[in-house]
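Notes for the one structure printed next.
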Number of protein chains: 2
Amino acid sequence: MRTEDHDSSLSRSGGDLDARKAAILEAIVTGYIGTAQPVGSSHVASATGIQVSPATVRSEMVALERDGYLIQPHTSAGRIPTDKGYRFFVDHLASPGRLGPQQAKQVSSFFTQVQGGLEEVLESTSSLLSDLTSYAAVVVGPSHEQAPVRSVQVVGLAPRRGLVVAVLADGAVENRHVEFPFDVDDDVLAQATAHLQATVSGATISALPTVPPINVPATDDVCRLAAEALTEAGKLSDHEAVFVGGPSRLASAFDAIETVRGVLSILEQQLVVVSLLRDVLERGLSVAIGSEHGYEPLASCAVVVAPVEVNGRQSGAVGILGPTRMNYPEAMAAAEVVGRQLSERIGAEQGNQELNEHG
Amino acid sequence: MRTEDHDSSLSRSGGDLDARKAAILEAIVTGYIGTAQPVGSSHVASATGIQVSPATVRSEMVALERDGYLIQPHTSAGRIPTDKGYRFFVDHLASPGRLGPQQAKQVSSFFTQVQGGLEEVLESTSSLLSDLTSYAAVVVGPSHEQAPVRSVQVVGLAPRRGLVVAVLADGAVENRHVEFPFDVDDDVLAQATAHLQATVSGATISALPTVPPINVPATDDVCRLAAEALTEAGKLSDHEAVFVGGPSRLASAFDAIETVRGVLSILEQQLVVVSLLRDVLERGLSVAIGSEHGYEPLASCAVVVAPVEVNGRQSGAVGILGPTRMNYPEAMAAAEVVGRQLSERIGAEQGNQELNEHG
DNA sequence: GTTGGCACTCGGTAGACTCGAGTGCTGAGG
DNA sequence: CCTCAGCACTCGAGTCTACCGAGTGCCAAC
């Protein structure tokens with residue numbers, strides 16, 4: 001109680017800690033990350049480089065606790081870091097973090113070997129990231145809102161049923177069923193396809209131009225219906241593809257089964273996951289710890305995020321979701337490397353043709 | 001020990017139990033499903049319709065235990081059903097099981113409202129099934145191996161890069177990137193598209209005919225590459241689409257966190273899930289309990305499966321995965337209804353055009 | 001075959017106790 | 001003023017004991 005009364009601003013110098021306090025905090029964070037046990041003063045005294053006695057460490061620890069970097073689970077236990085403590089660690093203490101040689105090899109061999117469409121790549125990337133870190137991983141694919149339409153085709157499936165297929169410049173394929181109010185033969189479909197193709201090519205799927213009639217009733221109807229279907233598909237596709245890898249690893253990360261339950265159920269809501277990552281990135285962060293992101297069920301989780309950028313434009317993200325006591329340097333390194341490699345990979349598929357597109 | 005020595009065939013009449021034993025077993029199964037607590041003789045005596053004393057129930061219970069329907073977690077606890085006990089319950093005791101009016105309404109309103117492509121429908125169906133039952137749900141989509149190709153198109157994305165898009169008669173769209181060793185212009189693409197279309201239409205994607213050359217070098221090369229890519233895509237697509245709904249619900253179903261972990265990690269392996277459902281269906285079962293399916297990590301799970309059939313041909317499945325002490329009647333009813341509705345839904349999209357296809 | 005009576009078993013809970021890790025404080029020494 | 005050894009203290013975790021009660025198996029009587 002007594003300690004709570006003091007405002008933490010008393011002994012802070014703008015959020016920075018002196019070297020020894022920082023070293024102590026670092027020892028506590030790394031110790032707690034490693035053992036999941038509260039860290040005591042004697043352990044800190046022996047683990048940190050500074051040669052001081054446990055008693056001195058203790059007096060520093062009360063200061064760190066007063067300033068909100070540490071808490072004691074109960075009197076006479078060691079300290080564990082608060083979210084603020086982790087934050088300081090991530091911002092000022094964590095060494096840049098490199099992948100181990102084995103992990104680096106795993107990443108590079110993955111990206112040289114992976115094949116298949118965009119979806120497959122994203123999906124297996126999420127598994128890769130989860131394998132690398134032993135935490136759950138999230139990969140959000142690029143939104144197709146901005147990609148211009150490259151080709152449109154209306155395929156007949158039944159006399160009164162068709163499928164509109166649009167290929168976007170980023171290689172994505174959108175498709176949607178259409179129901180015709182009358183029988184449509186192949187000639188009409190071909191004509192409609194040609195007309196649509198001419199009109200719509202180059203526009204983005206979220207802002208399609210209206211298709212001018214060519215005064216052939218059947219064809220015009222088909223074109224109208226197909227355009228409507230495409231618009232519809234475009235609306236749906238602004239919800240980006242989300243892939244979650246290794247959620248089962250979260251089961252081992254927490255001991256309270258209710259926590260696991262809550263976190264998993266968040267991960268099932270793809271929209272929430274997307275906006276979580278987006279929020280974090282928009283705030284210019286690469287890590288969000290505990291309460292920093294606004295999702296209460298994830299209060300005991302930390303998220304490490306890295307953007308996926310194609311042609312300098314952000315178009316997706318990779319993320320790692322683990323307990324707040326996660327291995328931040330490793331996770332940040334993994335997210336950064338995988339995010340970059342994935343950017344290159346997607347860029348290789350799209351980048352060049354974008355230049356041609358407008359050339 | 002003593003009881004183990006007897007072969008259970010001693011007092012069985014072909015696996016059937018007399019009416020009273022059956023009633024007792026039923027009371028124990030339903031009791032255990034409801035409370036997760038071992039069920040004692042007095043509870044059975046009061047819960048079952050038969051008017052007998054707990055002592056009589058007890059003597060019946062030792063017989064049931066000797067025959068392998070029940071076990072005692074420890075001396076002087078109540079009994080809980082074995083897998084065999086659940087099996088008998090499912091086969092002979094469970095009343096057919098109807099959905100509650102509210103659930104039935106939920107299902108029908110879902111199927112009238114759901115829209116979007118096949119994938120979206122399957123995905124949200126898995127959520128529906130999970131919501132209905134409070135267990136995890138699995139939906140396996142139809143394989144496209146048998147669907148004939150309806151349309152093929154080669155779209156250029158970059159001078160040396162293209163996308164082969166094939167529309168199958170069941171409305172599925174397969175696509176794959178192709179890399180050309182030389183620049184390809186639109187005329188070549190159009191010619192290749194036309195030639196491919198003529199050759200490949202009507203064949204199944206898993207057994208494409210070879211494309212005869214037309215003696216235009218560039219076009220032939222493009223055709224060959226595109227056909228290869230399609231074959232590749234066909235190989236990949238025999239792994240059907242799998243959607244898992246509500247895995248987080250499993251966290252509440254078991255108390256051992258290790259069990260949760262194991263089950264979740266099985267659910268992440270889509271291939272395993274598919275073959276699990278397939279195995280169960282192939283053995284003509286709708287329920288697999290505990291050790292009946294061969295997957296040890298799922299030993300404490302039961303699976304309820306219902307087929308998805310289009311035109312009388314099985315083309316997918318829905319499943320419910322819960323603890324062995326799950327509510328079988330409800331789960332079976334839910335799986336059955338959802339499976340049937342999903343069949344109709346998919347059939348409505350495909351059935352008619354199949355007739356036209358070969359007509 | 002059924003049943004009430006009865007001794008018995010054993011898991012679960014609660015209390016008492018110990019152990020030890022870790023603390024906060026104090027006073028001496030730099 | 002900082003450091004640190006010494007020390008009393010706190011409190012969680014583990015162990016042991018006793019006890020309760022649900023539930024059993026057995027048996028003698030109906």
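Proteins get letters first, then strands, A, B, ... in listed order; numbering begins at 1 in each. Worth knowing before you read on, the calculation uses all heavy atoms, side chains too, and leaves out hydrogens, waters and symmetry mates. Source: prediction; values computed, not measured.
- Within a 6.0 Å radius of CZ in A:Arg98, no more than 12 heavy atoms belonging to other residues, nucleotides or ligands are found.
- A heavy-atom distance below 4.5 Å is not found between the side chains of A:Val287 and A:Val303.
- Legend: salt bridge (charged side-chain N to carboxylate O under 4.0 Å, His left out) pairs involving residues 245-260 of chain B, not counting sequence neighbours, sorted by first then second residue: B:Asp131-B:Arg249.
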Sugar-phosphate or base contact per nucleotide [nucleotides 7-12 of chain C; S, B, -; heavy atom under 4.0 Å]: --BSS-
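- What separates CZ of B:Arg58 from P of C:dG1 is a distance of 18 Å, to the nearest Å.
- Salt bridge annotation for A:Asp83-A:Arg87: absent, with no cationic side-chain nitrogen under 4.0 angstrom from a carboxylate oxygen.
- Between the CG atom of A:Asp18 and the P atom of D:dC2 there is a distance of 11 Å, given to the nearest Å.
- The B:Ser42 side chain lies nearest to D:dG23 when the options are D:dT24, D:dG23, D:dA5.
- Phosphate proximity of D:dT3 to A:Thr56: absent, as no side-chain N or O sits under 4.0 Å from OP1 or OP2.
- If you measure from atom OH of A:Tyr32 to atom P of C:dG22, you get 14 Å, rounded to the nearest angstrom.
- Going from atom CZ of A:Arg79 over to atom P of D:dC11 covers 14 Å, rounded to whole Å.
- Judged purely by distance below 3.5 Å, without hydrogens or angles, the side chains of B:Thr56 and B:Ser53 pair a donor atom with an acceptor atom.
- You'll find that the side chain of A:Arg20 is closest to D:dT3, out of D:dT3, C:dT23, D:dC4.
- The distance between atom NE2 of A:His43 and atom P of C:dA21, rounded to the nearest whole Å, is 14 Å.
- Between B:Ser41 and D:dT24 there is a side-chain N or O to OP1 or OP2 distance below 4.0 Å.
- The nearest whole Å value for the distance from the CE atom in B:Met61 to the P atom in C:dT3 is 14 Å.
- Contacts of A:Ala77 with the nucleic acid, taken as non-hydrogen atoms under 4.0 Å apart, involve only primed sugar atoms and P, OP1 or OP2.
- Relative ring orientation between A:Tyr86 and A:Tyr328 is described as tilted, the plane-to-plane angle lying within the 30° to 60° band.
- Summary of the strand contacts: A:Pro38 and A:Ala55 both lie near DNA chain C, and taking for each the nucleotide with the nearest heavy atom, the more 5' one is attributed to A:Pro38.
- Atom CD1 of B:Ile28 and atom C1' of D:dA22 are 15 Å apart (whole Å).
- Nucleotide C:dG24 holds its P atom 12 Å from the CZ atom of A:Arg66, rounded to whole Å.
- Within the structure, no pair that satisfies the salt bridge (charged side-chain N to carboxylate O under 4.0 Å, His left out) test touches residues 323-335 of chain B, not counting sequence neighbours.
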